[in-house]
S.K.: 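This is the structure, below, for whatever I ask next.
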Amino acid sequence: MIATSYGSMTVNELFDFYVKMKQKRGKISVHTIENYTKMLNKNMRKRKFAGIPIQVVRKTHILDCYQEMQEDGVGNASITLIHKVLSSMFNHAVSEDYIRRNYAESIKSCG
């Protein structure tokens with residue numbers, strides 16, 4: 001059963017939730033959290049994609065966001081890091097039954 005209340009959280013909210021959960025469990029260093037947060041704040045937080053509910057995210061949304069970042073001059077290394085973070089976040093959301101599928105996982109090249 002999908003937890004619909006969690007599925008309605010946005011991509012930004014999932015990021016915040018995911019980082020807090022990892023930090024609470026001691027699975028991520030403060031330095032890593034700072035790097036991820038800085039990268040997402042600078043390159044993704046204000047994009048339309050970041051404000052949509054995770055339950056409606058599809059591969060097209062993710063690819064469009066990466067394309068938009070490239071057009072705005074975001075480097076391939078930054079996009080690749082963002083992709084890794086997104087994929088991990090969505091894997092967590094799947095494992096907790098917030099969403100059914102991680103569409104980021106099917107994207108092989110993002111930079």
Side-chain angles (χ1 to χ4, degrees):
M1 180 177 176
I2 298 298
T4 54
S5 62
Y6 285 105
S8 63
M9 76 171 72
T10 67
V11 174
N12 275 335
E13 291 168 337
L14 177 61
F15 172 76
D16 295 335
F17 179 82
Y18 175 76
V19 167
K20 284 178 190 168
M21 180 268 310
K22 287 291 212 183
Q23 186 176 29
K24 184 177 169 182
R25 294 182 182 161
K27 301 281 185 180
I28 193 169
S29 74
V30 172
H31 181 70
T32 301
I33 291 169
E34 289 171 354
N35 284 342
Y36 288 177
T37 302
K38 181 180 174 184
M39 182 71 61
L40 265 72
N41 286 349
K42 181 179 177 186
N43 298 306
M44 201 183 79
R45 277 235 193 241
K46 294 178 183 167
R47 296 184 189 279
K48 183 179 177 183
F49 169 75
I52 64 174
I54 61 171
Q55 64 192 7
V56 300
V57 170
R58 297 297 180 264
K59 183 176 179 178
T60 302
H61 296 113
I62 298 166
L63 289 171
D64 287 349
C65 182
Y66 295 162
Q67 180 66 39
E68 186 181 310
M69 282 189 233
Q70 279 187 320
E71 290 169 2
D72 290 345
V74 177
N76 289 344
S78 295
I79 295 170
T80 298
L81 177 61
I82 289 168
H83 176 70
K84 288 177 182 178
V85 174
L86 282 178
S87 189
S88 295
M89 289 166 33
F90 288 131
N91 277 338
H92 172 74
V94 169
S95 73
E96 295 295 323
D97 290 326
Y98 303 162
I99 56 177
R100 294 187 195 282
R101 184 171 173 201
N102 177 357
Y103 288 95
E105 225 172 29
S106 64
I107 299 171
K108 301 299 178 209
S109 176
C110 52

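Values reported hereafter were calculated over all heavy atoms of this structure, with side chains retained and with hydrogens, waters and symmetry mates removed.
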S.K.: Locate the shortest heavy-atom distance separating Met9 from Leu14; write the atom from each residue and the value.
M.R.: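 Looking at all heavy atoms of both residues, the shortest contact is SD-CA, 3.4 Å.
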S.K.: Taking the side chain as everything from C-beta on, heavy atoms only, tell me whether Thr37 gets closer than 4.5 Å to Phe15.
M.R.: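 Heavy-atom side-chain distance check passes, below 4.5 Å.
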S.K.: Do you know the tightest heavy-atom contact between Thr10 and Ala50?
M.R.: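 The answer is CB-O, 3.6 Å.
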S.K.: Please report the interatomic distance OG(Ser78) to CE(Met44), rounded to the nearest 0.5 Å.
M.R.: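 Between atom OG of Ser78 and atom CE of Met44 there are 12.5 Å.
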S.K.: When clusters are formed by joining ILVMFWY residues with side-chain heavy atoms under 4.5 Å apart, either directly or through shared neighbours, do Val30 and Ile28 land in the same one?
M.R.: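 No, because Val30 and Ile28 fall into different hydrophobic clusters, even though each may have its own neighbours under 4.5 Å.
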S.K.: Do Tyr98 and His92 pass the side chain to side chain contact (heavy atoms under 4.5 Å, CB included) test, and can you show the C-alpha distance, the side-chain angles, and the key distance before you say yes or no?
M.R.: CA-CA 9 Å; Tyr98 303 162; His92 172 74; 4.3 Å; yes
S.K.: To the closest 0.5 Å, what do you measure between NE2 (His31) and CD (Glu34)?
M.R.: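 His31 atom NE2 to Glu34 atom CD measures 7.5 Å (nearest 0.5 Å).
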S.K.: First locate atom CD of Glu68, then atom CD1 of Ile79, and finally report the distance between them rounded to the nearest 0.5 Å.
M.R.: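 The CD1 atom of Ile79 is 10.5 Å from CD of Glu68, to the nearest 0.5 Å.
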S.K.: What pair of heavy atoms forms the shortest contact from Phe90 to Ile54, and how long is it?
M.R.: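 Shortest heavy-atom separation between Phe90 and Ile54 comes out as CE2-CG2, 3.9 Å.
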S.K.: Would you compute the distance between atom CD of Gln67 and atom CG of Asp72 and round it to the nearest 0.5 angstrom?
M.R.: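 It comes to 10.0 Å.
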S.K.: How long is the gap from CG on Asp64 to CZ on Arg47, to the nearest 0.5 Å?
M.R.: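 Going from CG on Asp64 over to CZ on Arg47, the span is 11.5 Å.
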S.K.: Should the pair His83 and Tyr66 be assigned to parallel (<30°), tilted (30 to 60°) or perpendicular (>60°) ring geometry?
M.R.: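 Perpendicular: the ring planes of His83 and Tyr66 meet at over 60°.
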S.K.: Stepwise, does the side chain to side chain contact (heavy atoms under 4.5 Å, CB included) test hold for Lys22 with Tyr18?
M.R.: CA-CA 6 Å; Lys22 287 291 212 183; Tyr18 175 76; 3.2 Å; yes
S.K.: Give me the atom names and distance for the closest heavy-atom approach of Ile62 to Ala104.
M.R.: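 For Ile62 versus Ala104, the nearest heavy atoms are CD1-N, 3.5 Å.
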S.K.: What is the distance from atom CD1 of Ile52 to atom CZ of Arg58, rounded to the nearest 0.5 Å?
M.R.: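 One gets 9.0 Å once the value is rounded to the nearest 0.5 Å.
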S.K.: Would you indicate whether the side-chain heavy atoms of Leu86 and Val11 approach each other to under 4.5 Å?
M.R.: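 SC-SC contact between Val11 and Leu86 confirmed.
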S.K.: Do you know the tightest heavy-atom contact between Pro53 and Ser8?
M.R.: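 Residues Pro53 and Ser8, closest heavy atoms: CB-O, 3.8 Å.
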S.K.: Between Met89 and Val85, is the side chain to side chain contact (heavy atoms under 4.5 Å, CB included) condition met? List the steps.
M.R.: CA-CA 6 Å; Met89 289 166 33; Val85 174; 3.8 Å; yes
S.K.: Tell me which pairs pass ring pair (Phe, Tyr, Trp, His ring centres under 6.0 Å) where either residue lies in residues 35-65, with sequence neighbours left out.
M.R.: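 For residues 35-65: none.
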S.K.: When you look at Cys65 and Met69, which way does the side chain to side chain contact (heavy atoms under 4.5 Å, CB included) test go after all the steps?
M.R.: CA-CA 6 Å; Cys65 182; Met69 282 189 233; 3.4 Å; yes
